[in-house]
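Worksheet: one structure, shown below.
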Amino acid sequence: MHAPVLLVIAHGSRDPRHAATVHALTARVRSMRPGLRVETGFLDFNAPSVPRVLERLHAGSTEGATEVVALPLLLTRAFHAKTDIPSVLREAGARLPRLRIRQAGVLGPSPLLHSALEQRLYEAGLTAADKRSTGLVLASAGSTDPEAIAVIAEIARELRHTGWCAVRPAFASAHSPGGFPRTGDAVRALRADGVHRVAVAPYVIAPGRLPDRIVAGAAEAGADVVSEVLGASPALARLLLARYDEARAPRALPLSA
């Protein structure tokens, strides 16, 4: 019996670094689980589109690809996870009757994301011993979804309990209903609180316009350390496989049958 295909669904971007990073991540996932078929589809800007990948899998369903786990490459449950992706999958499922499609959960929150985040900070020059004297700005892309905002706030609280002297959430986009400042303002607020070393951790998966805005805000405010995006980190690849396995559990209901 064939294992379900893992279809990683990325947003897509005009920035070529975005797709390159997504493909590097899915390549790492393949290397961690040889034999698992891993496909990548994009919602916008990049090819192949999610419907196109599903159509190709449906065309080959007589050869064994009859079940798909669709995994949103998203850190929080907001519009794309709640509305956009389910709609795309339902429409495809109605047209492709030989495929059983299950939507996996979003990636966050997870301790593996904390591990990936801190690994990037260490690669940027910090050490575990630096945490107690360093303020951290947890900079995400931004959302107006109350659930997503609450998750980011909770992650910041959890990170504070792992040894950082202070942690402030920030958004790359405009001020949110949750009151999160932009990256540069969060850096300045930590300075005003007397924090001498400030690090900015982009809580995003791939490069693009909003991650660049995080980096620019950090530089403008004089942050001491700015880490890279999560990218194709080993911890993130392990998390994709964990969400895939969870979606395969008997209690997971298919979007189409």
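Remember, predicted model here, so these are calculated numbers, not experimental data.
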Decide, yes or no, whether a salt bridge links E67 with R248 under the criterion of side-chain N to carboxylate O below 4.0 Å.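 Answer for the salt bridge query: no.
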
Taking only Lys NZ, Arg NE, NH1 and NH2, and the carboxylate oxygens of Asp or Glu, determine whether E228 and R120 approach each other closer than 4.0 Å.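 So E228 does not pair with R120 through a salt bridge.
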
How many angstroms lie between atom [atom1] of [X] and atom [atom2] of [Y], to the nearest 0.5 angstrom?
X    : Y    : atom1 : atom2 : answer
K131 : Y122 : NZ    : OH    : 4.5 Å
S227 : E118 : OG    : CD    : 10.5 Å
I205 : H11  : CD1   : NE2   : 12.0 Å
Y203 : I152 : OH    : CD1   : 5.5 Å

Can you tell me if [X] uses its side chain to pair, donor with acceptor, with the backbone of [Y] under 3.5 Å?
X    : Y    : value
D193 : V195 : no
D130 : T127 : yes
R30  : V38  : yes
R160 : W164 : yes
Y244 : P4   : yes
H58  : R98  : yes
R243 : L107 : yes
D224 : A199 : no
R191 : H196 : yes

Salt bridge (charged side-chain N to carboxylate O under 4.0 Å, His left out) with D212: which residues, sequence neighbours excluded?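 Salt bridge (charged side-chain N to carboxylate O under 4.0 Å, His left out) check on D212 returns R17.
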
Please tell me if the side chains of [X] and [Y] come closer than 4.5 Å, counting only heavy atoms from C-beta onward.
X    : Y    : value
P181 : R188 : no
L73  : L240 : yes
L57  : L96  : no
L117 : L138 : yes
L236 : L112 : no
Q103 : P72  : yes
D145 : T76  : no
V200 : T183 : yes

Run the numbers on L89 and L54 for side-chain contact (heavy atoms from CB on, under 4.5 Å), then give the verdict. CA-CA 9 Å; L89 296 178; L54 291 170; 4.0 Å; yes

Can you list the steps and then say if H2 with R37 is a side-chain contact (heavy atoms from CB on, under 4.5 Å)? CA-CA 10 Å; H2 293 269; R37 182 171 179 179; over 6 Å; no

For [X] and [Y], work out which heavy atoms get closest and say how close.
X    : Y    : value
I149 : S143 : CD1-O, 3.5 Å
H18  : A10  : NE2-CB, 4.2 Å
L7   : G41  : CD1-N, 3.7 Å
A148 : A78  : CB-CB, 4.2 Å
P202 : I214 : CG-CG2, 4.1 Å
A186 : P169 : CB-O, 4.5 Å

Is there a path of hydrophobic side-chain contacts, each under 4.5 Å between heavy atoms of I, L, V, M, F, W or Y residues, that connects [X] with [Y]?
X    : Y    : value
M32  : L230 : yes
V187 : L121 : no
L159 : V225 : yes
L241 : L113 : yes
L99  : I85  : yes

Assess the residue pair R197 and L126 against the criterion (side-chain contact (heavy atoms from CB on, under 4.5 Å)); give the C-alpha distance rounded to whole Å, side-chain angles, the decisive distance to 0.1 Å, and a yes or no. CA-CA 10 Å; R197 182 195 291 123; L126 292 177; 3.8 Å; yes

Distance-only criterion, 3.5 Å: show the donor-acceptor pairs between side-chain atoms of residues 43-52 and protein atoms not counting sequence neighbours.
{"unit_1": "N46", "atom_1": "OD1", "unit_2": "S13", "atom_2": "N", "d": "2.8"}
{"unit_1": "N46", "atom_1": "ND2", "unit_2": "S13", "atom_2": "O", "d": "3.3"}
{"unit_1": "S49", "atom_1": "OG", "unit_2": "R52", "atom_2": "N", "d": "3.2"}

Measuring centre to centre across the rings, with the benzene-like ring taken for any Trp, is F42 within less than 6.0 Å of H23?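 Close enough - the centres of the two rings lie under 6.0 Å apart.
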
Would you say CZ of R95 has more than 12 non-hydrogen atoms from neighbouring residues, nucleotides or ligands within 6.0 angstrom?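 Counting other residues, nucleotides and ligands, CZ of R95 exceeds 12 neighbours.
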
R157: side chain to side chain contact (heavy atoms under 4.5 Å, CB included) partners, not counting sequence neighbours: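 By the side chain to side chain contact (heavy atoms under 4.5 Å, CB included) rule, R157 matches A153, E154.
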
